[in-house]
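First comes the structure, then the notes that go with it.
Residues: numbered from 1 along the sequence shown. Keep in mind that this is a model prediction, so the values were computed, not measured.
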Amino acid sequence: MRVCLITPPSIFLLDERVFMTLGILRVAAVLENAGHQVEMLDLSGIDNYEEVVKLHARGSKAEVFGLTATTPQMPAAYRVTQALRQARPDARVILGGPHITLINAAYKGELARKTPGRAVTAMQKMLETYDVLVPGDGEEAVFEAIKPGAPKVVDGDDPKSHLFLTNKMLNELPFPARHLVDAPSYKYTIDGVPAMSLIAQLGCPFACGFCGGRESPMLRRVRTRSTENVVKEIAHLHDKYGTNGFMLYDDELNVNPKMVELMNAIAAEQKKRGVEWRLRGFIKSQLFTDEQAEAMYRAGFRWILTGFESGSPRILQNINKKATREENTRCVEIAKRHGLKVKALMSIGHPGESEKTIMETRDWLLESKPDDFDVTIITTYPGTPYYDRAVQHPTMKNVWVYTYEATGDRLYGYEVDYTQVADYYKGDPDGGYKAYVYTDELSAAKLVSLRDQVEREVRSTLNIPFNAGRPAQRYEHSMGQLPPRSCASRRPPPRGADVRLLLIPDATSPNGEDAFCREIVKRAPARGHEARMQMVPNGPPDAAAELLVSQGFASDVDAVVVNSLQPAALIAARAAGKPAALRLIESYAGASPDSLSDVKRLACAANLLIVPSRHLAGIAAGWGVAESRVRVIPYAYDQIFAQQIALVTVRSSRARGFTLVTAGVIDEGSLPGFETVLSAVARLRMDVHVTVIGGGPALPALKEKAQALLLGERVTFLGDLPHPKKMEYFRSAKAFVEPSGRQGFPSLALHALSEGCPVLGARAGALPELIRDGENGMLYAPGDAAGLAEHIITLNTTPGLSLRLIAEGVRTVERHSWDATAAATLEAIETLEVKA
């Protein structure tokens, strides 16, 4: 079966691409191990994610779509689900993850107490929205959920069920299928060392009053992996991704009695490898000891995170924290004594909270001096006593009241539809927080005000900077890429540079689309220009030009910009006395003498020639185009048909073995390059297969070469394919080989980079301008089959190399953005001499 798993965006976070979601990647791993085909749609950090979902779903062959969601992710997950229903009403949609686990736990509690309320209503909405719900452990439950006729709820949160993971089962699980997401796009560091996350154990046995896991066995029961298994995963991440930093995302590392043993094993592994790692993780304050701290530092820990929650003894009692203010202070002192930095996780808005208790929290932070901290406002999540044990306010319809029986302190919570609202989750100190709770002494607005005050005062006094964030980036499906992380600076247009432009789109562009002209028209007004588009008629160039002139072609504009070689438009522009800019992408390698003669003539006649590479600029110089009339402007990547991109990470499982793909027009000029690829494959004794995409007059000769080399099933000829289909092969290949380097710009190589496919190529033409050997790809001498074969072996056997090339390839794609290309193009056009 083909299954598409989806991680919805976390639009409530300052930066969404910090840690990948591991739970759903563990589910992906067990599905892959069982022989299912898995797609992964990672929407983290994608602003217009609903468009992406529809785009992918329409082209996907998946029969089942599975989502994970925390409670703050639910509004986005709900909209993802609606987008799926619109695009694929035939598909089964499954929901798993923390939110449905909490709802289900609260639901079962209400049924057991015979007090149906909010949880029953919330569960009913989930049952109406999704075909199957999977609360609790999903690694075994997913196989029941994807079966035809699956029940509406497959409960992996029942310890009596075979679906509930035991220590043994947890230890035998495959590692999360991180290869299905774009790992390099997740940016996290520990003291400057790039880091990835893992989970060594599950569950927290404590019963804090604000915790949504209290009623869920999956979240409460501690289940551990062996020391050997955890170290093996750390070593795997180091070998595969080259990472030396590890964030252990366990609830409380030191609830494991073998934690010191684990730390010693991690230290021993580093010593054996001759490396130094950096680690970070969560600990329980009252369990923390000098022995643990010493072992953690020895293992590479430099940071610990601890949920101290409050500096008020009364609040610590009300939330059943089981830790005193003094124990929390002792924890910080132990950490500092052993060189560990501390991030204090604090919360306000608990039963009995007052300005006095919040100031006690502020004072404790100032006294204990953590190295970093968070102060959040509490949320009454399903599964918490604040939610489960609350009763409806006697007079206020949408307010629920929780009372802590030991002290009588109350907490009031507004009704929240968690499928629609997430603005209760964190924020910034300048109006970014919102409270849905209040107490007898503090209104919701006052809670926010005091929270902001505490954060400002503590950060200012302790000199702790505010956390930097990165907003979600927009996935432009018309461009097939994300904008660069830092926008290019925009120069104001030169004085008096307001120009009326006529853009001539390329009539041969697929589907009649022409991204270049659309982008110039869209961006011209920002520089003070007017711009519009006009198609030119088909037919013999002279006759078409004559028709254009008779219709008053370009009479109301100052300059004409022609995208690709269109003789009629260039002739008509000259007849109208208007300066013309010609954007040329092709090198016309292999063109007949007669057609090349026309190319030269028209290129020389243009007032400005825009080309995407120094290689093509050199070719134009050979045609006789004056150097002063040529501008080299980067090719902007418009992947208008492709349905995925590496940073969105819609990537199917890659085939076993080493799969190469190569593509292009196969003619007399490119044939030697394609033959070099086949010869390299024939030299190899490893499991390698090459797919050849493209047709042309020399295709029969290439097939004969394959037969002579006895390649048999190691080569597949597919002929020419539509662009989306080519992208599917790029996406699933281990590498793309650019064979000839004859193009004016190696656009297919750029497409491959965008799909997370490393590029190997002949050091010829414009390819070395895009591919830097050893950085974002690998180059070999033209005709050097042995050199290409060696590169294939290196890519296949060097740990982490492929990921490093992919990461730099994504950055390369980002640099080929419309921001840069359109600005440079308009600057060039502004140099044209326009008649008054």
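Put simply, the side chain of P505 does not reach to within 4.5 Å of the side chain of N563, judged on heavy atoms. Considering only heavy atoms from C-beta on, D506 stays 4.5 Å or farther from F516 through its side chain. Under the 4.5 Å side-chain criterion, counting only non-hydrogen atoms from C-beta, L608 is not in contact with P579. At least one side-chain heavy atom of R527 sits less than 4.5 Å from a side-chain heavy atom of E827. You'll find the side chain of F736 stays beyond 4.5 Å of the side chain of H751, heavy atoms only. Side-chain contact between D784 and T676: absent, with no pair of heavy atoms (C-beta onward) separated by less than 4.5 Å. F553 is listed as a side-chain neighbour of I504, based on a closest heavy-atom distance under 4.5 Å. Contact check for L826 versus V499: no side-chain heavy atoms found under the 4.5 Å cut-off.
Heavy-atom minimum distance, M40 versus T7: CE-OG1, 3.2 Å. Here the closest heavy-atom approach between residue T821 and residue P634 is recorded as OG1-O, 2.9 Å. Heavy atoms only, all atoms of each residue included: P8 and Q73 are closest at O-NE2, 3.1 Å. Residue A569 comes nearest to V536 through the heavy atom pair CB-CG1, 3.9 Å, listed as atom of the first residue, atom of the second, then distance. Between A735 and L795, the shortest heavy-atom contact is CB-CD2, 3.9 Å. Closest approach of I46 to D42, counting heavy atoms only: CG1-O, 4.5 Å.
Between the side chains of Y186 and S44, a donor-acceptor pair is found at a separation under 3.5 Å.
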*Verdict with supporting geometry, Y780 and V737, side-chain contact (heavy atoms from CB on, under 4.5 Å)*: CA-CA 10 Å; Y780 59 91; V737 184; 3.6 Å; yes
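The environment of E668 atom CD is sparse: at most 12 non-hydrogen atoms of other residues, nucleotides or ligands sit within 6.0 angstrom. Other residues, nucleotides and ligands contribute more than 12 heavy atoms inside 6.0 Å of the CD atom of Q534.
Ion pairing between a basic and an acidic side chain is recognised when a charged N comes within 4.0 Å of a carboxylate O; K54 and E51 show no such pairing. A salt bridge is absent between R731 and E728: the closest approach of a Lys/Arg side-chain nitrogen to an acidic carboxylate oxygen does not fall below 4.0 angstrom.
Taking the six-membered ring where the residue is Trp, H816 and F745 present tilted rings, their angle falling between 30° and 60°.
For the side-chain contact (heavy atoms from CB on, under 4.5 Å) with F674, the qualifying choice from L699, V690, T662 is T662, the only one to do so. Considering L805, L760, L750, L753 in turn, L753 is the only one that fulfils the side-chain contact (heavy atoms from CB on, under 4.5 Å) rule with I771.
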